[in-house]
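When a residue number appears, it is its place in the shown sequence, counting from 1. Keep in mind it's a predicted model, so treat the numbers as computed, not measured.
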Amino acid sequence: MRRLAAGALAGGLAAASALAQGPPGAVVTSLTLFAGTPSGLWKSGNWGGSWERVRPGPVHALWPVGPRVFAGADEGLLVSEDFGLSWSAVDLKAPVLAVMPSRFPLAEPVVFAGTPRGLLRSEDGGRTFSPTPITGTPVRRIAWPGPDLVLATGLGVLVSSDGARTFRTPVEGLPRKETRALVLSSFFAVDPVLFAGQQDGLHRSADGGRTWKPAGLEGRAVNDLVWLGPFLYAATDAGLFRSEDAGARWTALGKGLDGRQSRRLMFPMAPAAGLEAFLGTDRGVFRTVDGGESWKPSGLGEEEVLALATFPPPDPVQDGRR
């Protein structure tokens with residue numbers, strides 16, 4: 001069954017990718033790309049052909065939700081209500097490294113913000129924030145599949161099942177040290193598989209973060225993880241890698257990257273065109289139309305890319321069962 005599902009997905013992605021490779025702008029005219037860098041927030045309306053800096057200052061995280069776009073910056077949380085045309089700042093007195101709004105912002109206007117000193121929670125859509133029990137450690141990634149809230153922190157992976165009132169730590173297998181990357185199963189409530197990337201490799205949990213086992217990429221700093229159908233991608237300081245068997249084996253995907261360190265990976269049209277992706281590196285943005293086999297520069301060549309996002313955001317992708 002898994003092979004049939006993977007084959008069907010690959011066929012659909014290949015067909016969609018062929019469509020995406022048509023004349024420039026043919027199928028992407030309604031999408032906007034955002035990139036966060038140490039020099040500011042950048043926007044591209046022509047698929048990375050050119051970029052415009054819309055706000056100065058370091059930007060670490062991006063999250064579009066409808067017309068609202070959140071950006072985590074050194075100056076705090078930036079919010080746009082018009083698809084990124086204009087921005088206002090929420091003064092949090094701290095840089096924002098990660099941001100995660102509710103999936104149902106009208107019914108539940110909760111927003112979580114990760115900072116170098118812990119996790120903050122907003123009950124009013126990001127206008128005001130209050131502290132949570134997570135203090136004194138950086139929070140770099142936030143996943144909120146519901147009801148669980150999962151954090152990648154300086155102390156490893158922390159999980160809350162009660163709205164950030166209490167958190168549990170891993171029982172075994174995951175070192176209590178900085179975790180920069182996190183990805184969860186799309187069926188997390190019933191199939192609680194997740195991967196966490198640290199400075200020296202990747203770890204996998206099959207029980208919601210309680211116990212962990214190594215999942216490859218030993219000795220490599222893992223900066224980002226994307227789970228697309230049966231494929232797991234890892235952006236590392238040693239380049240981009242892909243696994244088709246839940247981390248048992250990894251293949252390097254580096255043609256055209258010229259040794260650049262991978263920071264952030266995004267499939268902007270997934271699952272319709274899951275072979276097209278953008279990669280943020282330590283020196284610019286790169287684009288692939290063949291699932292990462294080969295890459296070409298796509299702007300911001302003098303910039304270290306800290307965050308990537310698109311509007312509209314990609315549809316949720318159902319990952320392969322494990």
Side-chain angles (χ1 to χ4, degrees), residues 10 12-55 59 61-71 78 80 82-87 223-224 226 228-229 231 233 235 239-240 242 253-258 260-317:
L13 297 184
S17 180
L19 176 63
Q21 295 176 49
V27 296
V28 299
T29 53
S30 62
L31 284 99
T32 299
L33 301 179
F34 296 98
T37 75
S39 73
L41 175 62
W42 298 78
K43 180 174 68 171
S44 174
N46 59 0
W47 219 226
S50 60
W51 293 83
E52 171 193 6
R53 192 174 71 168
V54 296
R55 195 175 181 99
V59 170
L62 292 161
W63 198 273
V65 185
R68 178 175 294 178
V69 183
F70 293 96
L78 307 178
S80 173
D82 52 13
F83 308 101
L85 295 177
S86 61
W87 296 83
N223 300 313
D224 198 12
V226 175
L228 183 68
F231 307 119
Y233 291 83
L240 183 68
R242 181 176 66 201
L253 305 173
K255 183 179 179 181
L257 294 178
D258 299 326
R260 286 171 171 78
Q261 299 176 10
S262 300
R263 295 287 191 258
R264 292 292 182 267
L265 177 65
M266 176 183 64
F267 289 82
M269 299 177 69
L275 297 183
E276 184 158 9
F278 287 86
L279 180 68
T281 75
D282 60 333
R283 287 175 290 154
V285 177
F286 286 75
R287 178 190 176 202
T288 179
V289 295
D290 55 16
E293 297 292 339
S294 60
W295 297 86
K296 293 184 178 181
S298 193
L300 301 181
E302 302 301 318
E303 298 281 346
E304 178 185 13
V305 180
L306 306 176
L308 282 174
T310 184
F311 178 85
D315 292 333
V317 178

Could you check whether any side-chain heavy atom of P297 comes within less than 4.5 Å of a side-chain heavy atom of F286, counting everything from C-beta outward?
yes
Can you see which heavy atom on V59 is nearest to which on A71, and at what distance?
CG1-CB, 4.2 Å
Between E293 and K255, is there a salt bridge with N-O shorter than 4.0 Å?
no
If the condition is salt bridge (Lys or Arg N to Asp or Glu O under 4.0 Å), which residues does E303 pass it with, not counting sequence neighbours?
none
CG (L78) and CZ (R55) are apart, to the nearest 0.5 Å, by 5.0 Å
Which heavy atom in L265 sits nearest to a heavy atom in A277, and how many Å separate them?
CD1-CB, 4.1 Å
In terms of heavy-atom contacts, S44 and S50 come closest through OG-O, 2.8 Å
Looking at D82 and S86, what are the two nearest heavy atoms and their distance?
OD2-OG, 2.6 Å
Applying ring pair (Phe, Tyr, Trp, His ring centres under 6.0 Å) to F34 and not counting sequence neighbours gives none
Quick check: do W42 and V285 have side-chain heavy atoms less than 4.5 Å from each other?
no
Could you give the distance from CE (M266) to CG (L279), rounded to the nearest 0.5 Å?
10.0 Å
Of all the heavy-atom pairs spanning F278 and W295, show the shortest one and how long it is.
C-CZ3, 4.2 Å
When rounded to the nearest 0.5 angstrom, what is the spacing between CG in L41 and CH2 in W51?
9.5 Å
Residues at least two apart in sequence or cross-chain that pass side chain to side chain contact (heavy atoms under 4.5 Å, CB included) with R283, listed by chain then number, are R260, T281
Using the test salt bridge (Lys or Arg N to Asp or Glu O under 4.0 Å), find all partners of R264 that sit at least two apart in sequence or belong to another chain.
none
Pairwise distance CG(L275) to OG1(T288) - rounded to 0.5 angstrom
8.0 Å
So, R53 side chain and S39 main chain: donor-acceptor pair closer than 3.5 Å or not?
yes
From T310 OG1 over to L62 CG, what is the distance, rounded to the nearest 0.5 angstrom?
10.5 Å
Between T37 (side chain only) and V305 (backbone N and O only), is there a donor and an acceptor less than 3.5 Å apart?
no
Given 3.5 Å as the limit, does a donor-acceptor pair link the side chain of T32 with the main chain of G45, or not?
no
The ring pair (Phe, Tyr, Trp, His ring centres under 6.0 Å) partners of Y233 (sequence neighbours excluded) come to F267
Contact check, side chains of S80 and L85, non-hydrogen atoms, under 4.5 Å:
no
Working to the nearest 0.5 angstrom, can you tell me the gap between L308 CG and D224 CG?
8.5 Å
So, using side chain to side chain contact (heavy atoms under 4.5 Å, CB included) as the criterion, who are the partners of E52 when residues are at least two apart?
K43, V54
Do other residues, nucleotides or ligands put more than 12 heavy atoms under 6.0 Å from W63 CH2?
no
What one should report as the nearest heavy-atom pair of S262 and G239 is OG-C, 3.3 Å
